[in-house]
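One structure is given here, and the rest of the page talks about it.
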Amino acid sequence: MLTSYWMCSLYIVTLAVIVLRIILRFGVKRCTSKVNMSGKVVIVTGANSGIGFYTALDLARRGARVILACRHEARGIRARDQIIAATLNSNVVYKHLDMASLYSVKKFCEDITRTEERVDVLVNNAGVYALGDRYTDDGIVETMQVNYFSVFLLTDLLLPMIKAQRGRIVNVGSLAHYIGDLKPDHINKKGYYSEMITYANSKFCIMAFTVELARRLRGSGVTVNAVHPGVVKTNITDTNRNILLDVVFWVLVWVCYRTAEEGAQSVVHCCVAEECAQTSGKFFVDCAVWRGPWKSESKIIHLNLWNISEKLLKYKQTNMKV
Ligand SMILES: NC(=O)c1ccc[n+]([C@@H]2O[C@H](COP(=O)([O-])OP(=O)(O)OC[C@H]3O[C@@H](n4cnc5c(N)ncnc54)[C@H](OP(=O)(O)O)[C@@H]3O)[C@@H](O)[C@H]2O)c1
Ligand SMILES: *[C@@H]1O[C@H](CO)[C@@H](O)[C@H](O)[C@H]1NC(C)=O
Ligand SMILES: *[C@@H]1O[C@H](CO)[C@@H](O)[C@H](O)[C@H]1NC(C)=O
Ligand SMILES: *[C@@H]1O[C@H](CO)[C@@H](O)[C@H](O)[C@H]1NC(C)=O
């Protein structure tokens with residue numbers, strides 16, 4: 001009796017998971033825009049693997065000049081060669097950028113400002129997960145610095161060039177931001193690190209950043225949107241050492257499975273689609289504006305975010321003023 005009860009439950013759960021998986025497969029949307037990006041310059045951070053790689057590949061195929069901003073030279077050059085070989089667009093370059101170093105971010109932006117004629121699109125894609133309770137030489141929790149604080153600095157430094165083209169900024173966020181928060185007293189404090197929560201907090205910050213930056217850029221012609229790429233099997237979980245979380249990922253990835261190329265679709269959509277030249281401060285999932293509730297829309301949080309960011313970065317932003 002008991003065994004048949006368990007067997008029955010097992011069948012139902014298995015069936016439900018399979019049905020869910022099929023439904024979610026149908027949810028994967030592709031960017032249908034045919035926009036030609038020739039003459040435009042696009043910067044993709046963390047472009048050597050996963051979602052960033054396929055975003056860069058797609059934009060190169062559309063004829064853009066694509067700058068692969070990566071922290072590791074050999075990996076960056078390999079990605080560049082693969083993209084050139086696949087697209088026959090030779091206007092793809094690697095430039096060094098380590099988001100875990102504010103010095104590197106500043107050097108990268110100086111280089112871009114000095115050597116590039118224009119910047120049309122900035123894709124803030126580089127991200128890390130489960131690095132452990134580590135601080136950078138700048139004294140910031142590494143996950144927070146790579147996933148959010150360096151984005152604040154990079155975006156501010158590149159904004160004059162993006163404004164000149166009435167360009168776009170695309171931030172790779174995550175649905176994980178729903179379990180994240182911004183607690184000024186805890187955000188960089190020793191002892192408050194948690195693999196899942198710190199990651200979620202970094203994504204919460206980048207989502208709040210998107211909303212507030214869009215407000216500040218109103219009328220400038222520049223749009224800024226955030227994207228949830230879906231649950232994608234990439235290398236981002238490689239650093240994870242928690243077996244329980246590994247199992248959760250494994251199940252999640254199996255149920256929601258999508259490839260990095262599919263995961264890049266909403267990012268590409270925000271870079272090229274006509275819709276995103278008008279839409280700003282929105283969250284995109286499956287190439288469409290997410291209609292669900294968004295917890296980061298309170299103004300106080302955003303004001304705090306600017307203050308906290310400037311304080312931790314020891315940097316006064318100049319281009320993201322109201
Ligand atoms: N995969 C998912 O299910 C999922 C879901 C929601 C959101 N996202 C977001 O999607 C974005 C891309 O992640 P992914 O899944 O494609 O993972 P990935 O394949 O690991 O790609 C992450 C990229 O960021 C780069 N990166 C890491 N630390 C860096 C640093 N300090 N400086 C410069 N670049 C750095 C990595 O370079 P290396 O190769 O040198 O490590 C890599 O190119 C991330 O922002 C992630 O949070 C992913
Ligand atoms: C993960 O890393 C390996 C080795 O560096 C690379 O060959 C592979 O393409 C990466 N996976 C993705 C999805 O980018
Ligand atoms: C984009 O347009 C240019 C000329 O404007 C053309 O030479 C090129 O072939 C086009 N590229 C794609 C991928 O359609
Ligand atoms: C942010 O900083 C400004 C100026 O330093 C200050 O006037 C304001 O009260 C701060 N806002 C919050 C919410 O802390």
Side-chain angles (χ1 to χ4, degrees), residues 21 24-25 27-31 42-61 66 68-72 74-83 86 94 97-100 123-132 142-148 150-151 170-177 179-180 195-196 198-203 206-207 226-271 283-287:
R21 181 176 171 170
L24 288 170
R25 283 298 315 165
V28 177
K29 292 282 182 304
R30 303 197 63 85
C31 173
V42 181
I43 298 173
V44 182
T45 68
N48 62 281
S49 97
I51 295 156
F53 175 82
Y54 284 97
T55 300
L57 179 73
D58 186 295
L59 296 166
R61 197 165 272 144
V66 184
L68 314 176
C70 311
R71 65 170 157 176
H72 193 283
R75 291 200 279 262
I77 286 174
R78 194 181 57 176
R80 180 199 68 192
D81 293 346
Q82 284 172 343
I83 292 174
Y94 151 79
L97 170 65
D98 182 359
M99 296 287 275
V123 183
N124 287 312
N125 162 79
V128 286
Y129 174 79
L131 285 183
E142 189 171 345
T143 303
M144 290 300 301
Q145 184 164 332
V146 173
N147 292 7
Y148 169 65
S150 282
V151 172
V170 182
N171 296 326
V172 182
S174 171
L175 279 180
H177 81 274
I179 57 167
E195 309 281 43
M196 198 60 220
T198 303
Y199 176 79
N201 290 346
S202 74
K203 292 298 171 183
I206 204 161
M207 306 289 286
V227 168
H228 169 66
V231 177
V232 185
K233 181 76 198 89
T234 62
N235 289 336
I236 200 164
T237 48
D238 287 0
T239 42
N240 183 44
R241 296 278 167 271
N242 184 323
I243 295 186
L244 189 70
L245 275 180
D246 257 348
V247 173
V248 171
F249 283 136
W250 190 86
V251 171
L252 259 180
V253 163
W254 191 84
V255 174
C256 313
Y257 179 82
R258 57 176 69 180
T259 62
E261 192 262 341
E262 290 169 338
Q265 295 302 313
S266 294
V267 185
V268 171
H269 181 80
C270 286
C271 294
F283 183 32
F284 281 76
V285 182
D286 283 320
C287 301

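Throughout, residue positions are numbered sequentially from 1 according to the sequence presented.
Although no hydrogens or angles enter the test, the distance criterion places no donor-acceptor pair under 3.5 Å between the side chain of N171 and the main chain of N124. Remark: side-chain polar atoms of Q265 are not paired, donor with acceptor, to backbone N or O of E262 under 3.5 angstrom. When atom types are taken as modelled, the side chain of N147 and the backbone of V128 share a donor-acceptor pair closer than 3.5 angstrom. In this structure, the side chain of R75 does not engage the main chain of S49 through any donor-acceptor pair within 3.5 Å. Counting only distance, with no hydrogens or angles, the side chain of K203 and the backbone of V172 share a donor-acceptor pair below 3.5 Å. One N or O on the side chain of S266 and one on the backbone of D286 form a donor-acceptor pair closer than 3.5 Å. For N201 (side chain) and G180 (main-chain N/O), no donor-acceptor pair under 3.5 Å exists by modelled atom type.
A side-chain contact (heavy atoms from CB on, under 4.5 Å) with L68 is found for exactly one of I43, N48, I83, namely I83. Exactly one residue among V170, L59, T55 makes a side-chain contact (heavy atoms from CB on, under 4.5 Å) with V42. That residue is L59.
Nearest approach of H228 to L175, heavy atoms of both residues: ND1-N, 3.1 Å. Contact record, Y54 with A260: CD1-CB, 3.6 Å, taken as the closest heavy-atom pair. Minimum heavy-atom separation, C31 to V268: SG-CG1, 4.1 Å. Residue R258 comes nearest to V231 through the heavy atom pair CG-O, 3.2 Å, listed as atom of the first residue, atom of the second, then distance. Among all heavy-atom pairs drawn from N125 and G46, the shortest one is ND2-O, 3.1 Å. The two residues P229 and G263 have their closest heavy-atom pair at CB-O, 3.4 Å.
Between R78 atom CZ and Y94 atom OH the span is 13.5 Å, to the nearest 0.5 Å. Atom OG1 in T239 sits 9.5 Å away from atom CG in N235 (nearest 0.5 Å). With rounding to the nearest 0.5 Å, the separation of OG1 in T237 from CH2 in W250 is 13.5 Å. A distance of 10.5 Å separates CZ of F283 from SG of C270, quoted to the nearest 0.5 Å.
Using a 4.0 Å cut-off between charged nitrogen and carboxylate oxygen, E261 and R30 count as a salt-bridge pair.
Under the 4.5 Å side-chain criterion, counting only non-hydrogen atoms from C-beta, V267 is in contact with I51.
Under the ring pair (Phe, Tyr, Trp, His ring centres under 6.0 Å) criterion, Y199 pairs with Y129, sequence neighbours left out.
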Practice item. Check step by step if side chain to side chain contact (heavy atoms under 4.5 Å, CB included) holds for R80 and I77. Key: CA-CA 5 Å; R80 180 199 68 192; I77 286 174; 3.6 Å; yes
